[in-house]
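I have placed the structure first, in the form of C-alpha cells, so that the comments after it can refer back to it.
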Amino acid sequence: MSTLKAVRGTRDLLPPETALWNRIEATARRVFERYNFGEIRTPVFEDTALFARGVGEETDIVSKEMYTWEDRARAASEKTQSLTLRPENTAGVVRAYIEHKLGETGQLQKLYYIGPQFRRERPQKGRYRQFSQIGAEVIGPPSAGSESPLRDAEVLEMLATLLDELGITGWTLHLNSVGSSADRARYNEVLRAALADVAPKMCGDCQRRAVTNPLRVLDCKVPEDQPIIEALPKIDSVLGEDSKAHFAAVLAALDTAGVPYERNLRLVRGLDYYTRTTFEFTHGGLGAQNALLGGGRYDGLSEAIGGPKAPGIGFAMGEDRLVLTLQAIEEAKAVKGDAYIAPLGESMNPAALKLARELRREGLKVELGDGSFRLKKSFEAADKVARRIVILGEDELASGILTVKEFASGTQTKVPRAELVDVLSK
Ligand code: HAM
C-alpha cells in the first residue's frame, strides 16, 4: 500500500517552527490591542456567491483558484448549496458586519483575524494552497469617519510598527490609488482602447485580459510585455479630483508621521473590490513571491454584497511569508557579521581599519576587506560573511556619509557616521 502524504500545497508545522508562528501571532495580537482592534473569527467556508460578488467573477482567485463544492441537502428542509473554502477573509468580515448590523452602532468597527485561507495556486516557496493570513479591517458608516484618509494612514503606520516589532527590517511599502469605482471603470475603458492595437503582440494571458479585465494587464510579469505596459496610459490620468485629494491627504499624513513609501502606479491588486488607496509591502528576502502583505480600501464592497454603505480599509499579511522572512533574517544574524567594510582603493585601508576598530568597540561583528579588491569582488566576499557592506571611499570620508547595502533586502542607503552603529545593529 502506498503511504499517504499531506496534500500538495499543504504542510505540517512542527516544533520548533511552531514556536516562531506563536511568537508572530502574539506580537500581532499585542500590537492590534494597542490600536484598539478586537478579534473576529468567521467560518472557514461560505456561500460561493459571497466571493463571486465580493472578490469578483473575473479575478484569478474566483475564476481559477477556489475550492468549491455542491453541498448536498440532508433533509427536505435543506437546499443543495454551492460552498467555497474562503480564499481570503475580507468578504467574510464584511458579510458578518452586515449580518450582525454592526453599522447600527454608529461606531467604526476595528476587527482583526488570524487563520487559514485556501487557493488552488501552483505551489512554490512562499505560495501554498492552504496558507495563513493575519489581517485587519476598519469599517463603518461614513458618519463614523470611515472614509477619512487618516484611517488609511493609520493602518499603514500600524503595519510599519508591527513589522518593526516582529523584527522585519528592509521592507518596501508600495502605494497607489485606483480611484473611485467610477475612476476605475473609466481607466478600464481607457486601457481597453489603448490595448486594442498592442494586445496581439502580448502574452496569451494579456490578450485575454485585454478583453475581460484590462486592469489585470498591469500585473503581467512576462519580460517581453513590460515595454508595452510601461507605455500604457497611467491611472493618474483618470483620477477624479476627490480621489486625488484623498490620496494626497494619505501621503501628507504618512510624510508627517515618518512612514516611508514608494509610489507604484501599476499596483492595482488582484481583487475587484478595491477603490482609492491600494498597497503592498514587499521584502527582497522572499524571492519571486515577494509580497509580505497587501491591502487597500473597499468603499463599495458592503453594497456589492447587499449591505448598507460601509466604506472600509484593511490588509492581510501572509503569515507563512512572515515566518520565511524571519527565518532568513535569524539565520543571517546567527552566522554572519553585522558589516563588511570595503575600502575603495588601498589609500583608504588605514581609514577602514580605524572605522572597523570603532565599530568593533561598539560591540559589532565586523569584517574588514582590502582596498586592492575591485568593488565587485568586495561585494561577493561581503555577501558570504556579513549581512551588509559599508563602502568607504574618499567621498565618504570627506562627507562622513557612508553607503550601506543590506544583502537580504537588497536595499542601499546613505547613512551618516553618527547613525551607523544604530543601523548596523538592527
Ligand atoms: P491578497 O493580496 O490576495 O489580499 O493576500 C494578502 C497576502 O496573503 C499576500 O500578500 C501574501 O502574503 C499572502 N498570500 C496570498 N496568497 C498566498 C498563498 N497562496 N500562499 C501564501 N501566502 C499567500 C487579500 O487577501 C485581501 N483580503 C487583503 C485585504 C484585506 N484587503 C483589504 N483588506
Side-chain angles (χ1 to χ4, degrees), residues 8-11 13 21 24 28 37 40 42 46 50-51 54-56 59-62 64-67 85-95 97 109-139 146 151-152 155-156 158-159 162-163 166 168 171-174 176 178 216 219 267-283 285-302 304 310-326:
R8 183 168 143 81
T10 71
R11 316 177 284 154
L13 303 175
W21 284 72
I24 289 172
F37 279 72
I40 182 168
T42 66
E46 300 261 4
L50 174 66
F51 305 113
V55 177
T59 60
D60 282 354
I61 294 178
V62 173
K64 299 197 275 210
E65 297 169 0
M66 295 204 303
Y67 287 94
L85 287 180
R86 62 185 184 196
E88 61 100 54
N89 219 332
T90 308
V93 169
V94 177
R95 182 208 37 78
Y97 171 93
Q109 301 296 311
K110 298 163 74 174
L111 303 165
Y112 79 86
Y113 48 84
I114 300 178
Q117 320 291 330
F118 306 85
R119 297 183 192 175
R120 195 189 282 106
E121 295 195 80
R122 198 167 47 76
Q124 64 181 85
K125 182 182 166 207
R127 190 162 72 192
Y128 311 99
R129 291 182 168 179
Q130 174 174 338
F131 58 99
S132 176
Q133 284 186 340
I134 301 178
E137 314 291 346
V138 180
I139 178 170
S146 55
R151 299 282 75 85
D152 306 40
V155 162
L156 290 164
M158 175 169 81
L159 279 166
L162 176 51
L163 290 175
L166 285 170
I168 295 183
W171 46 262
T172 306
L173 160 55
H174 302 262
N176 196 18
V178 293
R216 297 263 67 78
D219 286 339
L267 185 76
V268 291
R269 309 260 306 127
L271 301 90
D272 279 353
Y273 51 59
Y274 289 114
T275 53
R276 303 203 261 199
T277 311
T278 53
F279 56 85
E280 267 176 21
F281 283 65
T282 58
H283 198 279
L286 277 169
Q289 298 305 315
N290 68 353
L292 270 178
L293 68 96
R297 258 194 183 278
Y298 42 85
D299 293 343
L301 175 56
S302 171
I313 178 160
F315 64 86
M317 322 175 82
E319 196 177 357
D320 307 73
R321 297 187 190 177
L322 294 176
V323 169
L324 282 173
T325 307
L326 280 172

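Positions are given from 1, in the same order as the sequence printed here. Hydrogens, waters and symmetry mates are skipped; everything else that's a heavy atom, side chains included, is used. Whatever order the structure lists them in is the order used to number ligands and atoms, beginning at 1.
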Please report the closest heavy-atom contact between [X] and [Y], naming both atoms and the distance.
X: L326; Y: L166; answer: CD2-O, 3.2 Å
X: G54; Y: Y273; answer: O-CD2, 3.4 Å
X: E46; Y: G92; answer: OE2-CA, 3.7 Å

Original post:
Is the shortest distance from a Lys or Arg side-chain nitrogen in R276 or D152 to a carboxylate oxygen in the other one below 4.0 Å?
Top reply: no
Subject >> Short N-O contact, R269 and E280, less than 4.0 angstrom >> reply: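 The answer is yes: the pair qualifies as a salt bridge.
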Which option out of [options] puts a heavy atom nearest to [atom]?
atom: atom 19 (N) of ligand 1; options: M317, E121, R86; answer: E121
atom: atom 21 (C) of ligand 1; options: G318, A316, G126; answer: G126
atom: atom 8 (O) of ligand 1; options: R269, R129, Q133; answer: Q133

For ligand 1, which part of [X] has a heavy atom less than 4.0 Å away: the side chain, the backbone, both, or neither?
X: F131; result: side chain
X: R119; result: side chain
X: E280; result: neither
X: L292; result: backbone
X: Y273; result: side chain

Considering heavy atoms of the protein only, find what lies nearest to [atom] and give residue, atom and distance to 0.1 Å.
atom: atom 27 (N) of ligand 1; result: E88 OE1, 2.6 Å
atom: atom 11 (C) of ligand 1; result: R321 NH1, 3.5 Å
atom: atom 30 (C) of ligand 1; result: T90 OG1, 3.0 Å
atom: atom 12 (O) of ligand 1; result: A291 O, 3.0 Å
atom: atom 32 (C) of ligand 1; result: G314 O, 3.2 Å
atom: atom 20 (N) of ligand 1; result: Y128 N, 3.0 Å
atom: atom 33 (N) of ligand 1; result: E137 OE1, 2.9 Å

Are [X] and [Y] packed together at the side-chain level, in the sense that at least one heavy-atom pair is separated by less than 4.5 angstrom?
X: Y274; Y: V268; result: no
X: E137; Y: Y97; result: no
X: L292; Y: L163; result: yes

[X] heavy atoms, cut-off 4.0 Å: which ligand 1 atoms fall inside?
X: L293; value: 10 (O)
X: G294; value: 10 (O), 28 (C), 29 (C)
X: Y298; value: 32 (C), 33 (N)

Original post:
Relative to Y67, does R120 satisfy both conditions: NZ or CZ under 6.0 angstrom from the six-membered ring centre, and within 45 degrees of the ring's axis?
Top reply: yes
Between the side chain of [X] and the main-chain N/O of [Y], is any donor-acceptor distance below 3.5 Å?
X: D299; Y: T275; result: no
X: R321; Y: A291; result: yes
X: R127; Y: R122; result: yes
X: R86; Y: F118; result: no

Original post:
Judging by distance only, is a nitrogen or oxygen of R127 under 3.5 angstrom from one on ligand 1?
Top reply: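 No, no N or O pair falls under 3.5 Å.
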Original post:
Within the structure, does I313 bring an N/O atom to less than 3.5 angstrom of an N/O atom in ligand 1?
Top reply: no
**OP:** Give a yes/no verdict on whether any heavy atom in G296 is under 4.0 Å from an atom of ligand 1.
**Re:**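 Under 4.0 Å: yes for G296.
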Original post:
Does Y274 come within less than 4.0 angstrom of ligand 1, counting non-hydrogen atoms of the residue?
Top reply: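 Yes; Y274 lies near enough to ligand 1 that a heavy-atom distance drops under 4.0 Å.
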